[in-house]
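Let me begin by presenting the structure, written as structure tokens, before commenting on it.
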2 protein chains.
Amino acid sequence: MRISSKGDYGLRALFDLAQRYGKGPVQSEDIARRQGIPINYLNQLLITMRRAGLIESLRGPQGGHMLARSPETITLRDVLIALEGPLLPGDGTREDLIPGVPEDHDLIDEVWSELRAQIETLLSRTTLDDLCQRKRQRAGSVMYYI
Amino acid sequence: MRISSKGDYGLRALFDLAQRYGKGPVQSEDIARRQGIPINYLNQLLITMRRAGLIESLRGPQGGHMLARSPETITLRDVLIALEGPLLPGDGTREDLIPGVPEDHDLIDEVWSELRAQIETLLSRTTLDDLCQRKRQRAGSVMYYI
DNA sequence: GTATTCTTGAGCAATTTGCTCTACTATGGC
DNA sequence: GCCATAGTAGAGCAAATTGCTCAAGAATAC
């Protein structure tokens with residue numbers, strides 16, 4: 001169970017967009033530079049996220065990408081499922097298993113299933129807007145000490 | 001973030017051992033047959049789990065594998081970390097990232113770190129003994145209806 | 001119509017996954 | 001001591017995934 005650079009890069013990119021939500025499209029090159037993501041790879045991830053309905057993209061000069069929904073409606077769960085795919089056994093990933101003793105097999109399947117639900121609940125609790133607020137709070141507290 | 005067959009097979013094998021805890025060694029061939037795991041692959045996973053300190057193994061006739069600790073002290077977290085390795089960015093997996101804007105970079109790092117802690121807490125709540133109890137309860141309730 | 005920006009798909013080296021197979025080592029029992 | 005039984009170790013291997021790059025194409029603003 002590992003989050004690869006896809007999920008990591010993807011979250012960073014969406015966070016970048018969230019901070020500029022409502023201010024028009026943001027170009028992938030700017031995202032790449034600010035967030036330290038290889039541009040060609042980022043472009044791929046952006047396409048994946050557009051197909052997942054997380055962002056919208058405009059071509060041509062002054063084009064770019066923007067969140068398809070407001071930052072408080074996009075959760076870590078949305079990002080990770082879009083980019084990393086299914087999270088645990090029991091969501092179609094491992095249907096090819098040779099079943100053993102049925103009671104044991106079913107019990108373990110249920111454990112994965114419940115675990116997945118719990119983890120998704122956890123992931124659903126954090127939104128892009130939460131991240132933006134955290135950054136603002138942090139910037140604010142720095143101001144006090146200056 | 002995906003649990004591969006390693007974690008799945010590994011949990012099934014340990015669950016098999018947990019149900020026979022205290023009754024001497026269990027041979028890998030029996031585990032493989034009961035749990036529907038390819039024997040050669042299972043043998044590899046058993047070695048990994050032994051190196052992680054989850055099981056102990058005895059060679060020779062009447063040899064086999066057994067839990068190194070009691071089932072209530074072995075959690076899903078133990079199993080998954082032993083077999084799947086680090087769970088999320090921020091545990092050494094992705095140190096090679098080119099950092100972007102430092103505030104954003106650090107904030108996302110923290111998010112992964114907190115998330116990992118929360119997921120590990122979740123995983124730590126379920127032990128092998130919990131699974132055994134669940135199976136016994138289930139068997140018990142079936143008895144009532146016969 | 002041209003510069004800009006996203007889109008699509010190919011390609012590719014490195015790593016991981018999910019195995020198998022062979023050889024080796026340890027141990028219990030005769 | 002021999003031998004059958006088990007685990008141990010490591011090589012090998014096809015297929016999939018990761019983490020990219022690159023080139024060609026399509027849409028749009030000016």
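Every chain is numbered from 1, with letters handed out A, B, ... down the list of sequences.
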key: Salt bridge flag under 4.0 Å for residues B/R20 and B/D16   = yes
message = Checking the side chain of B/N43 only, and the main-chain atoms of B/N40 only, is there a donor and an acceptor separated by less than 3.5 Å?
response = no
key: For atom CD1 of A/I47 and atom P of C/dT5, their distance in whole Å   = 16 Å
ask   = With respect to the phosphate group of C/dC19, does any side-chain polar atom (N or O) of B/Y9 fall under 4.0 Å of OP1 or OP2?
value = yes
inquiry  = Output the rounded distance in Å from CG (A/N43) to C1' (D/dA23).
reply    = 13 Å
Between the protein and nucleotides 10-14 of chain C, which nitrogen or oxygen pairs come in under 3.5 angstrom?
none

query = Whole Å only: how far is the CG atom of A/N40 from the C1' atom of C/dC6?
reply = 12 Å
ask   = When you measure from the side chain of B/R125 to the backbone N and O of B/T121, does any donor-acceptor pair fall under 3.5 Å?
value = no
query = Which listed nucleotide (D/dT8, D/dT21, C/dT7) is nearest to the side chain of B/H65?
reply = D/dT8
task = Identify, with sequence neighbours excluded, every residue that meets side chain to side chain contact (heavy atoms under 4.5 Å, CB included) alongside B/Q44.
result = B/Y41
task = Take A/T75 and A/D78 through the side chain to side chain donor-acceptor pair (under 3.5 Å) test and state the conclusion after the steps.
result = CA-CA 5 Å; A/T75 69; A/D78 298 326; 3.3 Å; yes
key: Ionic contact status for B/R134 with B/D130, cut-off 4.0 Å   = no
inquiry  = Among C/dG18, D/dC22, D/dG19, which nucleotide has an atom closest to any side-chain atom of B/S5?
reply    = C/dG18
Write out a two-atom table: protein N or O, nucleotide N or O from nucleotides 27-30 of chain D, distance below 3.5 Å.
| unit_1 | atom_1 | unit_2 | atom_2 | d |
| --- | --- | --- | --- | --- |
| D/dA27 | O4' | A/R59 | NE | 3.4 |

query = Could B/R12 and A/D104 be called an ion pair, given the rule that one side-chain N must be under 4.0 Å from one carboxylate O?
reply = no
query = Rounded to whole angstroms, how far apart are CG on B/L46 and P on C/dC19?
reply = 14 Å
inquiry  = Could you tell me how far apart A/Y41 (OH) and D/dG19 (P) are, to the nearest whole angstrom?
reply    = 5 Å
inquiry  = Side chain of B/Q27 only, heavy atoms from C-beta on: which candidate in D/dG19, D/dG7, C/dG18 is closest?
reply    = D/dG7
ask   = Hey, which of these two, A/I39 or B/R51, hits DNA chain D nearer its 5' end, going by closest nucleotide?
value = B/R51
query = D/dT5 P sits how many Å from B/D30 CG, rounded?
reply = 14 Å
query = Is the closest basic N to carboxylate O distance between B/E120 and B/R77 below 4.0 Å?
reply = yes
ask   = Separation of A/E29 atom CD from C/dA3 atom C1', in whole Å?
value = 14 Å
ask   = How close or far is atom C1' of C/dG18 from atom CG of B/L42, stated in whole angstroms?
value = 13 Å
message = Checking contacts here: which listed nucleotide (C/dT5, D/dG19, D/dT8) is nearest the side-chain heavy atoms of B/S57?
response = D/dT8
inquiry  = Keeping A/E29 on the side-chain end and A/I39 on the backbone end, is there a donor-acceptor pair under 3.5 Å?
reply    = no
message = Please determine whether a side-chain nitrogen or oxygen atom of A/K6 lies at a distance below 4.0 Å from atom OP1 or OP2 of D/dG19.
response = no
ask   = Counting only heavy atoms not in B/Q62, do more than 12 sit closer than 6.0 Å to its CD atom?
value = no
query = Counting only side-chain N and O atoms of B/R50, is one of them less than 4.0 Å from OP1 or OP2 of D/dA6?
reply = no
